[in-house]
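Here's the structure, in structure tokens; my notes come after.
Starting from 1, each residue takes its place in the sequence as its number. Numbering of ligands and ligand atoms starts at 1, following listing order.
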Amino acid sequence: MVVLQKVHGSNNQFFLLDQTTLTQALNSQELQNLAQKITKKDFFGGVDGLLVVDSSSVPAALGKMRVYNADGSRALMCGNGLRTVSRYLATKHQQDQFLVETDQANLQVQKQTPWAPQIPAYSVEISPVSFQANKLPFANLGTDQLINQIVPQFDPQLKFTALAVPNPHLISFVSAAVMEGPLLKELGEKLNQTNPYFPEGVNLSFAQVKKADELFVRTFERGVGFTNACGTGMSATSLAYFLTQPQVPAMGTQLTIKNPGGMVQTRVHQGSSEQYWIELSGNATVIAEIQLPEADLRHGNLQPENYAYNETGEALAYQNFVQQLS
Ligand SMILES: N[C@@H](CCC[C@H](N)C(=O)O)C(=O)O
């Protein structure tokens, strides 16, 4: 029997599979197939993606994280997911501060003081950051960097900023009316089908400034659609905020980022040679543990009615915490 954890960060939900516990690791095709199946509602309510943990050969890294979106595509990074993987590895290895290997970088993660009873919290590094068109990639917008510019192909009035962290993000600071209107879905869908601008798709976030140190962010994710929260999206938006909005606090000030699933905190850092990185902090919640045969996972032959599903109670604790916030 194998244990699959159902986890969330800011209610961005995933299944977490530790491949080191299997007799034989699933290959990429098997993982893609599994991601497409277990993200569906008929498998314990569904999730946004699959987090795969493997061993790492990088010194000081306790593991390696790979991310599969609900449509089976690979994502280069996942901020909310990385917090839950950090908790998993911290518990398994009894360490509070370590590296996690990801597709493009070995990222520093750290256990935090719990935000409330039954709400463990972790902070994770989001990097590397790039504004270069070829890193997202984007094309046919008449520029190599898109920073706070009107893009008539997207909207006649809104200004957009594009950055990779390293997965691709497109951000616009909008009014309440635009936040509630149809554009986020329409543009999100348009840029995640075959299109001349973002050939590999893009995560689209709309943001509102609530206070100098508080934003609200909603994201239409590549490979998923609307999510309750996107960790890399909120991190990228935090950097875009400091670079493009008027009357911002000093860079390095902690921001509270609210989202439809709850909240996180971010801090934007500027390292040597003007390299930015973002510290993303928030809950790392285990919703439930599911026991199932390894062969079912490998063959995507899922029979949820036959599996034990043990809830931890942490999801309810988080819901209560979020209600108090509002
Ligand atoms: N929800 C994630 C980001 C997931 C990846 C994204 N869909 C992509 O394809 O880049 C987060 O919390 O960062």
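For atom 12 (O) of ligand 1, the nearest non-hydrogen atom from the set Gly223, Gly231, Ala229 comes from Gly231.
Using a 4.0 Å cutoff on heavy atoms, Thr227 does not count as a contact of ligand 1. Put simply, no part of Met234 is less than 4.0 Å from ligand 1, judged by heavy atoms. Close to ligand 1: Asn69, with a non-hydrogen atom less than 4.0 angstrom away. Note on ligand 1: Cys230 sits in its first shell, one or more heavy atoms being nearer than 4.0 Å.
No salt bridge links Asp103 with Arg66; every basic N to acidic carboxylate O contact stays at or beyond 4.0 Å. Look at Glu186 and Lys190 and you find no salt bridge, because none of the NZ, NE, NH1 or NH2 atoms lies under 4.0 Å from a carboxylate O. Between Asp18 and Lys92, at least one side-chain N (NZ, or NE/NH1/NH2) sits under 4.0 Å from a carboxylate O, which counts as a salt bridge. Taking 4.0 Å as the cut-off between side-chain N and carboxylate O, Glu314 and Arg87 count as a salt-bridged pair.
The protein heavy atom nearest to atom 2 (C) of ligand 1 is Cys78 SG, 3.2 Å. For atom 7 (N) of ligand 1, the nearest non-hydrogen atom of the protein is Arg222 O, 2.8 Å.
Geometrically, ligand 1 and Gly79 share a nitrogen or oxygen pair separated by less than 3.5 Å. Backbone and side-chain nitrogen or oxygen atoms of Arg74 are examined, and none is located within less than 3.5 angstrom of a nitrogen or oxygen of ligand 1.
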